[in-house]
Chemist: 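I'd like to ask you about the structure that follows.
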There are 2 protein chains.
Amino acid sequence: MTFTIAEAAQRTGLTAHTLRYYERDGLLLDVVDRAPSGHRRYTEDDVTWITMLTRLRATGMPIREVRTYADLVRGGDGNERERLELLLTHREKVLADLEEVRAHLEAIDTKIELYRSRLARPARRRSA
Amino acid sequence: MTFTIAEAAQRTGLTAHTLRYYERDGLLLDVVDRAPSGHRRYTEDDVTWITMLTRLRATGMPIREVRTYADLVRGGDGNERERLELLLTHREKVLADLEEVRAHLEAIDTKIELYRSRLARPARRRSA
DNA sequence: GCTTGACTTGGAGCGCACTCGAAGTCGGAG
DNA sequence: CTCCGACTTCGAGTGCGCTCCAAGTCAAGC
């Protein structure tokens with residue numbers, strides 16, 4: 001079972017443009033198979049890998065670093081420790097980001113409460 | 001008590017360049033005061049407002065929308081409900097983002113556990 | 001046989017948010 | 001009086017991550 005680029009796009013939530021861009025940019029593990037017509041045919045494994053890419057991207061990993069990770073995986077067995085390191089480092093960054101956003105959101109919530117209480121009072125301006 | 005641009009930068013975590021850029025871009029409530037020399041002098045209120053901007057930015061609000069918010073505040077009393085709406089809408093987006101990142105991180109954590117258990121086993125390749 | 005539409009390539013273009021550079025002004029220290 | 005460093009403006013440049021375009025190919029349906 002293989003997928004056209006449109007099907008792969010639909011399954012990964014990316015566009016066909018982005019899929020080609022990722023491939024050009026070395027983010028995929030190897031060159032995608034082709035139909036006799038020259039059209040790309042994505043395997044289940046391709047889609048699984050690309051899904052992992054989207055997770056890394058969605059959590060803020062820069063494309064440069066995703067490529068580093070892809071390079072390691074492409075390198076085959078023997079560098080699992082490096083891969084793990086990379087993922088753990090990323091994990092820490094994500095947790096720090098989450099915490100930072102959470103803290104900012106809390107301050108924004110305070111502002112929201114301020115507006116709420118201001119609006120709860122009847123307007124005093126021009127109340128004649 | 002007022003601050004030079006360098007002091008305001010230090011207090012808000014932005015650069016002097018960015019502070020000028022924000023002002024040019026209409027993100028501040030009004031034109032910053034000047035010393036007789038022409039140098040900017042930021043008030044406490046300016047710094048408080050800019051801090052709010054950094055919170056909106058840090059939670060992913062685009063500059064365009066921050067400007068919309070600034071325009072409302074600059075508009076004075078009477079549009080508090082609109083401001084509240086804007087903040088509430090933003091809040092929902094941030095919560096959705098947080099949840100999405102959290103979910104992706106969970107999948108990455110699974111991958112991390114996979115590497116961990118793989119590394120826990122002694123290597124079998126070329127074990128001769 | 002013709003049309004339609006999904007695909008191909010290489011390269012250009014875009015939106016966002018800064019970030020920097022050049023050239024000039026000003027106040028205060030030595 | 002001279003120098004230094006912090007500031008000023010305007011406009012150009014940068015990095016990231018796509019996003020799109022033009023021109024061409026191919027398979028399938030009518």
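To find a chain, count down the sequence lines: A is the first, B the second, and so on, and within it residues start at 1. Just so we're clear, the structure is a prediction, and the values are computed from it rather than from any experiment.
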Chemist: Which nucleotide of DNA chain C is the first, and which the last, in the 5' to 3' direction, to come under 4.0 Å of a heavy atom belonging to chain A?
Modeler: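 Boundary nucleotides touching chain A, in 5' to 3' order, are dC7(C) to dG11(C).
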Chemist: Can a donor-acceptor pair be found, under 3.5 Å and without considering hydrogens, that links the side chain of Trp49(B) to the backbone of Ala70(B)?
Modeler: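 Side chain of Trp49(B) to backbone of Ala70(B): no pair is present.
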Chemist: Taking the inter-plane angle between the rings of Tyr69(B) and Tyr115(A) on a 0 to 90° scale, is it parallel (under 30°), tilted (30 to 60°) or perpendicular (over 60°)?
Modeler: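 Perpendicular, since the angle between the ring planes exceeds 60°.
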Chemist: When you measure from the side chain of Thr59(B) to the backbone of Arg55(B), do you find a donor-acceptor pair of N or O atoms at a distance under 3.5 Å?
Modeler: yes
Chemist: Any idea which of dT9(D), dC16(D), dG17(D) is nearest the Arg64(A) side chain?
Modeler: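 When the side chain of Arg64(A) is considered, dC16(D) is the closest of dT9(D), dC16(D), dG17(D).
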Chemist: Mark yes or no for whether Asp46(B), through its side chain, and Thr43(B), through its backbone, hold a donor-acceptor pair below 3.5 Å.
Modeler: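 Here the side-chain-to-backbone pair exists.
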Chemist: Is there a salt bridge (Lys or Arg N to Asp or Glu O under 4.0 Å) between Arg74(B) and Asp30(B)? Walk through the geometry before answering.
Modeler: CA-CA 8 Å; Arg74(B) 205 178 299 113; Asp30(B) 32 43; over 6 Å; no
Chemist: Describe the nucleic acid contact of Thr15(B) in one word from base, sugar-phosphate, nothing, applying a heavy-atom distance below 4.0 Å.
Modeler: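 No contact.
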Chemist: In whole angstroms, how far is the C1' atom of dC7(D) from the CG atom of Leu19(B)?
Modeler: 13 Å
Chemist: Do nucleotides 20-30 of chain D as a string where each nucleotide becomes B, S or -: B if the base has a protein heavy atom under 4.0 Å, S if just the sugar-phosphate does, - if no protein is that close.
Modeler: BB----S----
Chemist: Could you tell me which residues satisfy salt bridge (charged side-chain N to carboxylate O under 4.0 Å, His left out) with Glu82(A), sequence neighbours excluded, listed by chain and number?
Modeler: none
Chemist: Tell me the interatomic distance from Glu23(A), atom CD, to dC18(D), atom P, rounded to whole angstroms.
Modeler: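 Taking CD of Glu23(A) and P of dC18(D), I get 16 Å after rounding.
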Chemist: Listed in order of residue number, which residues of residues 40-62 of chain B have a non-hydrogen atom at under 4.0 Å from DNA chain C?
Modeler: Arg57(B), Pro62(B)
Chemist: Write down the distance between CZ (Arg67(A)) and P (dC18(D)), rounded to a whole number of angstrom.
Modeler: 12 Å
Chemist: Does Asn79(A) use its side chain to pair, donor to acceptor, with the backbone of Leu72(A) at less than 3.5 Å?
Modeler: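 Yes; at least one donor-acceptor contact below 3.5 Å.
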Chemist: End-to-end bend of the helix from dG1(C)-dC30(D) to dG30(C)-dC1(D) (five-pair axes, 10° rounding)?
Modeler: 10°
Chemist: Can you name the residues that form a ring pair (Phe, Tyr, Trp, His ring centres under 6.0 Å) with Tyr22(A), not counting sequence neighbours?
Modeler: none
Chemist: Quick one: does any side-chain atom of Thr51(B) pair with a main-chain N or O of Val47(B) as donor and acceptor, under 3.5 Å?
Modeler: yes
Chemist: Classify Ala35(A) by what it touches in the nucleic acid, base, sugar-phosphate, or nothing, heavy-atom distance under 4.0 Å.
Modeler: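 Contact class for Ala35(A): none.
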Chemist: Is Val66(A) reachable from Leu114(B) through a run of hydrophobic residues whose side-chain heavy atoms are each under 4.5 Å from the next?
Modeler: no
Chemist: For a quick check of understanding: with a heavy-atom distance under 4.0 Å over all strands, which category does Ala16(B) fall into, base, sugar-phosphate or nothing?
Modeler: nothing
Chemist: Taking OP1 and OP2 of dG17(D), is either one under 4.0 Å from a side-chain nitrogen or oxygen of Tyr22(A)?
Modeler: no
Chemist: Just by modelled atom types, is the Pro62(B) backbone N or O under 3.5 Å from a matching donor or acceptor in the Glu65(B) side chain?
Modeler: no
Chemist: State whether Glu113(A) and Arg116(A) are salt-bridged, where the test is any N-O pair (Lys NZ or Arg NE/NH1/NH2 against Asp/Glu carboxylate O) under 4.0 Å.
Modeler: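 Result for this pair is yes, salt bridge flagged.
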Chemist: Check whether any side-chain N or O of Glu92(A) sits under 3.5 Å from a backbone N or O of His90(A) as a donor-acceptor pair, and report yes or no.
Modeler: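 No; zero donor-acceptor contacts below 3.5 Å.
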